[in-house]
Amino acid sequence: ADGDADLLVVAKASDPQTLDPAQTMDNNDWTVTYPLYQRLVAYDVSEDGKGLTSVVGELASDWSASDDGTVWTFDLASGNAFSDGAAVDAAAVEYSFNRLMALGRGPSEAFPGGMKVEATGDMQVTFTLEQPFAPFLYTLANNGAGIVNPAVEGKGDDHGTEWLSANSAGSGAYMLTGWERGQSLVLEPNPNYGGATPEIEKIRVDIIAEAAARRLKLEAGDVHIAESLPVDQLDALGSTDGVEVQNYPSLKVTYLYLNNKVAPLDNVDVRRAISAAVDYQGIIDGILDGNGVQMHGPIPEGMWGQNKNATQYSYDLASAKKALDVAGGASEEISFLYSDRDPLWEPIAIATQAYLSQLGLNVKLEKLANATMRERFDTGEFGIATGNWSPDFADPYMFTNYWFDSKRHGLAGNRSWYSNDKVDGLLQQAVVSSDTAERTALYGELQEIVTDEAAYVYLFQKDYRIAVRDDVEGFVFNPMLEDIFNFGGMSLSD
Amino acid sequence: MADPVLKIDGLEVLFPGFAGDVHAVNGVDLDVQPGEIVGLVGESGSAKSVTAMTALGLLPTGAFRQSAGTISILGRDVATMSEREMNKLRGGDVAMIFQEPQTALNPTKTIGKQMLRVIELHSDLRGMAARDRAIELLKDMRINDAEEILGRYPFELSGGMRQRILIGMAFACSPKLLVADEPTTALDVTVQRQVLQLLHAKARQTGASVLFISHDLAVISQFCDRIYVMYAGRVVESGPAQKVLGNPQHPYTAALIEALPEDADPGAPLASIPGTVPNLVNPPKGCAFQARCRHAHAACDSRPVLTDVGSKHQAACWLREEISA
Amino acid sequence: MSDATVSVNPIKRALSRVDWGYLWYQIKKSPLTLGGGAVVLTVLFLVIFAPVFATHDPNAIDLRARLAAPSWDHFFGTDEVGRDLYSRILYGGRQSVAVGFFVVLVAGFIGTFVGAFAGLIGRRVDVVIMRLMDVVLSVPSLVLIMALAAALGPSLINAAIAIALVRIPVYVRISRGQTLLIREMSFVTAAETFKASKLHILRWHILPNILSPVMVQATLDLGSTILLASALSFIGLGAQQPTAEWGAMVATGRNYILDQWWYSAFPGFAILITATAFNLLGDGIRDILDPKQKAR
Amino acid sequence: MSFLNVIRRRLMFLILVLFGVTVITFTISNLIPGDPARMIAGDRATPEIVQNIREDLGLDKPLPVQYLRYLEGVVQGDFGNSIRTRRPVLEDLRIFFPATLELALTALFFATALGIPLGVASAVWKDKPIDHFVRVIAVTGISTPAFWLGLLVILLFYGNLGWLPSGGRIDPSLEMPTRVTGFLMIDSLLAGDFQAFGSALKHILLPAFTLGFVHLGVVARQVRAAMLEELQQDYIRTAKANGLSRFKVVFTEALPNAMIPSITVLGLALGDLLYGAVLTETVFAWPGMGAYVVNSIQALDFPAVMGFTVVVSLAYVLINLAVDLIYMAVDPRIREVS
Amino acid sequence: MTTDSVMTLSNIHMRFPFGEDWRGRPRGFVHALNGIDLEILRGKTLGVVGESGCGKSTLAQVLMGIRKPSEGEVIRNFGADHDVQIVFQDPQSSLNARMPVWRVITEPVFAVSKRPKAELRALAADLAAKVGLRPEVLDRYPHEFSGGQRQRIAIARALSSDPDVIVLDEPTSALDISIQAQILNLLKDLQAERGLTYIFISHDISVVRYLCDEVAVMYLGQVVEHGASDAVLAGPKHPYTRLLLDSIPTMRATGGLGEALRNTDLPSNRNLPTGCFFKDRCEQAGAGCDVRQNMVPTEQAQVRCCQTTAATPQKVSA
Ligand SMILES: Nc1ncnc2c1ncn2[C@@H]1O[C@H](COP(=O)(O)OP(=O)(O)OP(=O)(O)O)[C@@H](O)[C@H]1O
Ligand SMILES: Nc1ncnc2c1ncn2[C@@H]1O[C@H](COP(=O)(O)OP(=O)(O)OP(=O)(O)O)[C@@H](O)[C@H]1O
Ligand SMILES: [Mg+2]
Ligand SMILES: [Mg+2]
C-alpha cells in the first residue's frame with residue numbers, strides 16, 4: 001500500500017484525450033473532467049447512498065420552465081467559485097454554453113439546435129428553446145454542460161480550446177494539478193470550492209494499459225480503483241484480500257447493429273432469423289459468467305418506459321430457420337465489425353458467427369480500430385456490428401430517439417440505419433411532450449414496432465462491476481455516469 | 001656446425017575437407033643453416049606456404065592437422081614451446097613477410113604505430129629511441145622521407161613501398177631467420193628488383209638466414225644459395241641453386257626449366273609438361289610426378305626417397321637410382 | 001589454380017549451382033543449421049498436415065468450456081470461447097508460414113528484378129531507384145506497415161502485402177549490390193565484347209549469380225516475416241477471427257496471462273521456435289554460401 | 001570525401017526524405033478510410049457538426065492543397081494539431097520523444113555491452129561450444145516476439161517475483177524531477193534525487209531488456225561476422241608473425257577494425273530501436289512515441305502519425321549522418337579516397 | 001614492307017572521372033591513355049608490355065570497342081560480321097560459373113542471335129576439340145576445371161565467333177609455368193591455323209619475346225617504344241625499356257641482383273607530369289626532358305625519348 005492515507009489512486013487503461021468539456025465525448029475523459037467542473041443540476045443520491053435518475057440543483061438553486069416548456073429560467077446559488085477564486089455567476093454560465101455551441105463539437109449535440117442562453121441577471125440564466133425538448137433538464141447534468149471559467153477566453157484565440165484540453169478551469173471539487181502524459185494525472189481539491197471540503201487530499205489517475213497489470217497493482221494495494229477489468233479478472237479478484245468487486249445495476253446495454261440498409265439484412269425476415277438464432281443465455285452464461293440479463297427491447301430494465309409486451313426473441317433455431325425460409329434464404333457474405341474497445345465484443349462476435357453459421361449465413365469478422373469501426377458505422381459500410389450504449393441522461397429518449405430516428409443514421413445514433421416513418425412520427429411526438437404517461441404510451445407503441453422489425457439484436461444489459469480496495473468509501477454509482485467517480489464525496493477509511 | 005636455424009623432419013599436414021582430407025604436405029624434410037638463403041620453389045599448390053606457415057605456427061588452429069614430423073627452430077622443438085614462447089620468437093628471432101603487401105598491414109593504423117609496436121614488443125627501445133630505430137630501418141629500405149612515412153596509412157603508399165616497410169619491420173629485431181613467402185609476386189619487375197636487392201643486401205648484412213618461397217625459377221636462381229624443389233607436397237630435389245637449376249636431376253625440375261620461354265626458340269613449340277598436378281585428396285601412392293613424367297616406368301609406383309645425386313645435391317627419383325645403381 | 005585447389009574450394013562449389021551433396025556435408029558439420037533445418041521441416045510437416053494432427057475443429061466454439069487448462073482433452077487448453085488451442089496453433093502455423101513465403105516470394109521477385117535492373121542500367125535510373133528505396137527505408141517500417149495495413153483494411157493478406165512492400169528495398173539493395181559486383185567480373189565484360197544485349201546479360205549472367213545471396217536473405221526473412229506478421233496480428237492488423245493466427249492468439253491471450261498463462265505462452269513459443277528455426281537455417285546457409293567467410 | 005561534403009550530401013538527402021516521407025504518409029493517410037472531422041466530432045455528433053469541423057480544418061480542400069499546406073507547416077516546424085489530444089503534434093512529440101530515446105539508448109547500451117563481447121567470443125572460438133551458445137542466443141534474440149517476451153518478463157519479475165514494476169517510467173507517487181534533458185535517469189541525478197533515479201532505473205530495466213534482447217542478437221551476429229572477416233585478413237597474420245599475443249591480436253588489431261562495419265549496424269539498430277519501441281512501449285505502458293503512435297493510428301489521428309513518421313525519419317537520416325561522420329573519424333581509408 | 005593493317009589507333013586518349021563533389025561533378029580525371037598511335041598488322045602478334053597501371057587493359061578495352069576513347073580514333077579494317085575477341089587474365093572470373101561449358105564457349109554466338117541448341121552444341125564440341133578439351137567436358141561447369149583448362153575454355157569462346165583479332169590480356173600470368181607453356185603452344189598453333197591477329201598484353205618480357213612479332217612498350221598511358229620484338233628487346237633504345245629489361249630476373253644472369261633501383265614509384269596519372277613522363281625516374285634525364293616527347297622513328301623502332309633519338313622536343317602546350 002502507498003502509506004499515504006489521503007491519496008486515492010485510480011488505474012485507467014488509457015490517457016484522456018482532451019479535458020475540454022466542450023470537446024470530449026468520451027467516458028474515458030469524463031473520469032477526469034467530471035469532478036473538475038460543476039453543472040447547473042446534478043443527479044440525486046438516495047438516502048441509502050444509491051445514485052438516482054432524478055436531478056437536484058448543483059449550481060442552480062432553483063429553476064422554472066414555461067408552460068410550453070420552451071423557456072427555462074435558472075437561479076444560481078451563491079458561494080460557488082472557480083479554482084482561481086472567481087465566482088460562478090450567470091455570465092459564466094452564459095459564456096460556457098455559448099462557447100459549447102460556438103465550438104459546435106460533439107457535446108453540443110445534446111442540446112437542441114437554436115437554443116439561446118442569456119444571463120438575465122447577475123445570478124439568473126434563461127434558456128430559450130425553439131421547441132419543447134422533453135429531456136432538457138437532464139441534459140444539463142451531462143459532462144458537456146460543465147461550467148467553464150470565462151477566463152479561458154484569454155488563453156488563445158480558439159476559445160481556449162488548446163489550453164483547456166490539458167488544463168482545468170472549473171468550479172468542481174477538484175482541480176487538475178499535474179498531467180504526465182501517458183503516466184498519470186493528479187487532481188487536488190479546489191480551494192475555492194463552494195461545497196463541502198472533500199476528504200481526499202489528492203487523487204492520482206494512473207494510466208496502466210495492461211489489464212493484468214492493473215489487476216496486479218490493485219491486488220498489491222498500489223491502486224484503489226481499477227477500471228475496465230475483463231470479466232474473468234473480476235471473478236479472479238473477488239477472492240483477493242482487501243479487494244472488493246462491487247456490482248451495480250446499470251443501464252449499459254450491449255447490442256448488435258443490423259444494417260437495415262444492406263442486403264440481406266434489409267430483409268426483415270433475415271433480421272428476425274438472426275435475432276432468433278442467437279443464444280442469448282449461452283452468451284450471458286458463457287461470456288459474462290452469468291452477470292447480466294437479456295434485454296427486452298431497446299429500453300433497459302430500470303429506465304422508465306420499457307414495454308414488457310414487446311417481442312423478446314429467444315434462441316430458437318427452428319423458428320430462425322423458418323424466418324430465413326420466409327426471406328428466401330440469404331447467400332451474401334455479411335460483414336461483422338467489432339473492435340477491441342470492449343474485450344467482450346470479440347467472443348460475442350465469434351459466438352454470433354458460429355450461431356449464424358448454423359443458419360447457413362456466411363459471416364465475415366472484421367476486427368477494426370475503434371475509430372475505423374465508427375467511421376464505417378457512419379458510412380453504413382457494414383452488415384453487423386457490436387455496440388455498447390449507456391445513457392448520458394435519464395430519459396428513454398437516449399434509447400429511442402437516438403436509435404431509431406431516421407435523421408440520426410450512422411454515428412449520430414441510429415446505427416442500424418433503420419427507417420420507419422411511423423416510428424419517426426412517434427419519436428417526434430414523444431420529444432415535444434412533457435407528459436410522462438403520454439410519452440410512455442408513445443414509446444411503448446414504438447417498442448412493439450421496432451422489436452418486431454428486429455432493427456437491432458438486443459443482447460444483454462450488464463451490471464456495472466468495479467474492483468476497488470475495501471478501504472474506499474462513499475462511492476456512488478450513477479448509471480448515467482459510467483466511469484465517473486464522485487471523488488468529492490468519497491473517502492479512505494484510515 | 002651450429003644448429004640449423006630451421007629444421008623440418010618428415011612433416012605431414014592435412015586439411016580435413018568435403019571430399020576427404022587434403023594431404024597438403026606429404027613428408028617434407030628441410031633445413032636452413034645459419035646465414036644461408038634457401039629457396040623453396042614449386043608450382044602453385046605444392047605446399048610451399050603451408051610448410052612455412054606450419055613451421056612458424058601461423059596456420060589457423062582447427063583447420064589443419066599435423067599428422068607427422070618435427071619442426072625445430074634455433075634448435076628448439078616447436079611442439080614443446082608454449083604460446084608465449086612462440087610469440088616471443090615470432091617477430092624477434094624469426095620474422096616472416098608475405099605475398100600481398102596490399103593487405104599485410106593494418107589498414108587503420110599508421111605505419112609508425114605498426115612499426116613501433118613490433119620494436120617495443122621485442123626490444124627495450126621505447127619512445128623516441130624506438131622511433132629512431134623505425135626511421136633507421138626505413139632509411140635502410142631506401143625510403144627517404146621516412147619520418148613523414150611513419151605518419152601515413154598503408155593505403156596512401158604504393159605496393160613496393162609497403163613491401164619495403166614490411167621488410168624493414170621484419171628486420172626490426174635482427175631476426176636469425178626470415179621467411180619470405182613470395183614477397184615480390186604481386187609487384188612489377190622494376191619494383192621487384194629493388195625489393196629483392198634490398199632484402200638480399202639486408203640479409204647478408206645482418207647474417208640472417210632466409211627461407212625464400214617463390215615459383216619463379218629465375219628469381220630463385222639469382223637470390224638463393226640453395227634450393228628445394230617441391231611437387232605435390234613433397235620435396236623432389238634439393239641442392240645448391242646453380243647445381244639444381246643448371247643440372248637438374250629430377251625430371252620435374254628439368255621439365256620446368258625447359259618450359260620457360262626465356263631461352264626458347266620463337267619458331268619452335270615450348271616444351272610443356274602434359275597434364276595437371278595430382279589431386280591431393282588421394283595423393284598418388286608412388287611418385288607424385290609419375291603421371292606427367294616422360295620417363296615414368298614400373299618402379300615409379302612406389303615412392304622414391306631423396307637420395308644424393310651429387311655433393312649436397314639430392315633428388316627423389318627412381319631414374320637416378322637406376323642410373324647410379 | 002590446380003585441380004587440387006579447385007576440388008576443395010567451398011565458395012566456388014557452392015556458387016556454381018546447388019550442389020546438394022556439398023550442401024549436406026556443410027550442414028552436417030554445423031549442428032545448429034541441422035537443428036534449425038529439422039525444426040523447419042517438422043513445422044512445415046505439422047502445419048501442412050494440420051487436419052491430421054489436430055484433435056478438434058479449430059473453430060468449434062464451446063462457451064461452456066472457456067479458458068480450460070491443458071488436459072488430455074485439450075493439450076494446450078482452450079481459449080475464451082472454448083476453442084481447442086492445440087488445434088488452433090497447428091492451423092495457425094499455416095497462416096504464419098504462408099505469410100512468410102508470400103512476402104519472401106513477392107518482395108524477393110520484385111526486389112531482385114528492380115535491383116538487378118538498377119545495377120545493370122546504372123546512371124540516372126539507378127540513382128532514382130536507389131534514392132527512392134533509401135526514402136522508403138528511412139520511413140519507420142513498422143509504422144509504414146501499420147498505416148498500409150490500416151489503409152488496405154485489416155486482414156492477413158493485406159498485412160502480408162504491406163510487409164512485402166516494405167521488404168522490397170532490402171532485396172533491391174542486395175541484388176543491386178551483387179549486380180554491381182558481377183558487372184565488374186570479366187565474364188560480363190566479355191559478354192559486352194560479344195555485343196550481348198542488356199537483356200542477355202541480365203538473363204544469363206546477373207540473375208543466375210545473384211540468386212544465392214537473395215536466397216540466403218529470403219531464408220532469413222522467412223523468420224523475421226513470421227515475427228512481423230504476428231506482431232501485426234498482435235496489434236490487430238493481421239489475421240481476422242475466427243482464423244487462427246499465432247500473433248493474434250498471443251494478443252488475446254495477454255488478457256488472461258495471470259490466470260491462464262498457457263493461452264499466450266503456447267502460441268508465443270510457436271512463433272519463437274519457428275522463427276528461430278528459420279533463422280538458424282538461414283544463418284547456416286549464409287555461412288556456407290557467403291563468399292566473404294572463406295574457409296581457412 | 002571531406003566532412004563537409006558528407007554533411008552537405010546528407011542534408012540534401014534529408015530534404016529528399018522529408019519530401020518523400022511526407023508524400024508517402026500523406027498518401028497513405030488519405031487512403032485510410034477515416035474522416036478526421038468525424039473523429040474530432042465524436043459520438044452522436046450530427047452531420048452538420050462534422051461539416052463545420054471539416055471546413056474549420058480545411059479538410060474540404062483538394063488533397064494537393066491540403067498537402068502543400070501541411071508541407072508548409074512542417075517546414076516551419078508546425079505539424080498541425082493532433083486529433084486525439086487536440087494539441088500541437090510537435091508539443092506531444094516533445095514530451096514523448098525523450099522517453100523513447102532514453103529507452104532506446106538504454107536498450108542499445110544493453111545490447112552492445114553484451115553483444116560485442118559475445119560476438120567477439122563467438123568469432124574467436126568459432127565452432128566451439130561458446131560459438132554455438134552465442135549463435136543460439138543471437139538467433140533467439142532476433143526470433144523472439146518482443147511483445148510476447150515483454151509479457152513474460154512482466155509476469156515473472158512483476159507478477160511472480162514482484163521485484164520490478166510492470167510499466168511506466170517512474171513510480172507515480174514520486175515527484176518528477178525538473179525536466180532538463182527529458183531523460184529521467186539523468187534529470188533525477190541532476191536534481192540529486194536518488195530515490196527518483198532508483199525508481200527510474202527500476203522502471204527502465206524490463207522494457208530495455210526486452211527491447212535490447214532483440215538487438216543483442218543483431219549486434220552479436222554483426223560483431224561475429226565482422227570479427228571473422230577481420231581475423232582472416234592478411235594483416236592479422238602479419239601481427240601474429242610479429243609476435244603479438246592472441247589477446248592483442250584480437251583486441252588491438254581485429255576488434256577495432258571489426259567495429260568499423262559494425263558502426264553502421266549500431267546506427268541502424270538505434271534507428272530500429274526508436275521505432276521498434278512501438279510494440280514494447282505498448283506492452284510496458286512506456287509513455288513514449290511508440291505508444292503514442294499506436295494510439296494515434298488506432299484513433300486515425302493522421303497529423304500525429306505523420307508527425308511521428310517525419311520526426312523518426314529525420315532522426316534516421318541524422319543517425320546515418322552521425323554514422324558517416326564517425327566512419328570518417330575512425331577509418332582513415334574513407335577520408336581521402338572514394 | 002607493306003603488310004595490311006587490321007586496326008589503326010590514332011592519338012587515343014582515355015580519361016576516367018574520379019571522385020565526386022557534392023554536386024556530383026568529378027573532382028578530377030585519371031589519365032589512363034595519353035595519345036596512343038598504333039597500327040595492328042594482320043596475322044601478326046603485337047606484344048604490349050608495361051608496368052601495372054600503365055593502361056594496358058584500358059587499351060584492350062578500346063581495341064575491343066567496349067570503351068569509347070575520350071579522344072582519338074579507332075579504324076577497323078575488317079567486315080562488320082567479324083570482330084575482336086578477348087581472353088582475360090583471370091580464368092576464375094572470366095567464365096560464368098553458372099553456365100555449362102558448351103554455353104560458355106558459344107556465348108558470343110547465341111548472345112547476338114538465336115540458334116538451335118543442337119547447332120550450338122556441335123559448334124562447342126568442335127571448338128573444344130580445337131583447344132584440346134575432351135568432348136565429355138561440355139556439360140560440366142567451369143569451376144570443375146583447373147586454371148589451364150579454364151583458359152582453354154576462354155580461348156575456345158574467343159574463337160567461336162570466328163574473329164580476326166584476339167586481344168589476350170595477360171592470359172598466362174595466373175598460370176604455372178608448366179601450364180603456361182601448354183597455353184602458349186596452343187595460341188601459336190591456332191594462329192598458324194587460322195591466320196589470327198593477336199594483341200598480347202603482358203608484363204612478362206620473356207613470353208613476349210617468345211610469342212610476339214612486334215612489341216609496344218607502354219609507360220603512363222603512352223607507347224614509349226614500338227618495333228619488331230627481337231630488335232627492341234635485344235637493343236632497347238628508350239631508357240624505360242632498358243630499365244624494364246634490366247629488371248627482369250633471368251636464370252642466365254650472373255653476379256646476383258646488382259645495385260638497387262633509385263626510384264620505382266610511378267608518377268600519378270591524375271596529375272600528369274609536365275615534360276617527359278619518365279623524367280623523374282630516368283638516369284639520363286637532361287636538358288630537353290622538360291617538354292613532352294614525340295615518337296620518333298629510328299632504324300629499328302619508334303622511340304619516344306629525345307635523349308636517344310636526338311629529336312627536337314615538342315613544346316609543352318598545357
Ligand atoms: N586452410 C586450408 N584448408 C584446406 N586446404 C588448404 C588450406 N590451406 C592450404 N590448403 C591446401 O594445401 C595445399 C598447399 O597449399 P599452399 O598454399 O601451401 O601452396 P603453395 O605452394 O604455397 O601455392 P601458391 O604458389 O599458390 O602460394 C593446396 O592444395 C591447398 O589447397
Ligand atoms: N573504369 C575506370 N575508372 C577509373 N580509373 C580507371 C578505370 N579503369 C582504369 N583506370 C585507371 O587507369 C589506369 C590504367 O589502368 P589499366 O587497368 O589499363 O592498367 P594495366 O596496365 O592493365 O594494369 P595491370 O597490369 O595492373 O592490369 C590505372 O591508373 C587505373 O586506375
Ligand atoms: Mg603460397
Ligand atoms: Mg590490366
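Residue D/N295 does not touch chain A at all, counting heavy-atom pairs closer than 4.5 Å. At a 4.5 Å heavy-atom cutoff, A/D20 makes no contact with chain D through either its backbone or its side chain. Contacts between D/F96 and chain A at a heavy-atom distance below 4.5 Å involve the side chain alone, from C-beta outward. Heavy-atom distances place no part of A/A212 under 4.5 Å from chain D, backbone and side chain included. For D/L155, no part lies near chain A; criterion is any non-hydrogen pair under 4.5 Å. For D/I154, no part lies under 4.5 angstrom from a heavy atom of chain A. At a 4.5 Å heavy-atom cutoff, the contact between A/S165 and chain D is made by side-chain atoms alone. The contact between A/S184 and chain D is made entirely by side chain atoms (from C-beta outward), counting heavy-atom distances below 4.5 Å. For A/E219, no part sits under 4.5 Å from any heavy atom of chain D, backbone or side chain.
Within the model, atoms CD1 of D/I83 and OG1 of A/T18 stand 13.0 Å from one another, a figure rounded to the nearest 0.5 Å. The distance from the CZ atom of A/R181 to the CD atom of D/E91 is 8.5 Å, given to the nearest 0.5 Å.
Pairing each heavy atom of D/P88 with each of A/E162, the nearest pair is CD-OE2, 3.1 Å. Residue A/A209 comes nearest to D/A285 through the heavy atom pair N-CB, 4.1 Å, listed as atom of the first residue, atom of the second, then distance.
Highest contact tally toward chain D, considering only A/D26, A/D378, A/I208, is held by A/D378 [criterion: heavy-atom pairs under 4.5 Å].
Counting heavy-atom neighbours within 6.0 Å of D/E55 CD, excluding the residue itself, gives a total above 12. The number of heavy-atom neighbours closer than 6.0 Å to CZ of A/R376, taken from other residues, nucleotides and ligands shown, is above 12.
Not a single ring-ring contact (aromatic ring centres under 6.0 Å, His included) links A/W345 to another residue, sequence neighbours left out.
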Report the C-alpha distance between D/Y158 and A/K217 in whole Å, list the side-chain angles of each, state the deciding distance to 0.1 Å, and finish with yes or no for side chain to side chain contact (heavy atoms under 4.5 Å, CB included). CA-CA 10 Å; D/Y158 178 71; A/K217 289 225 165 205; 3.0 Å; yes

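Taking the side chain as every heavy atom from C-beta outward, D/R87 and A/Q17 never approach each other to under 4.5 Å.
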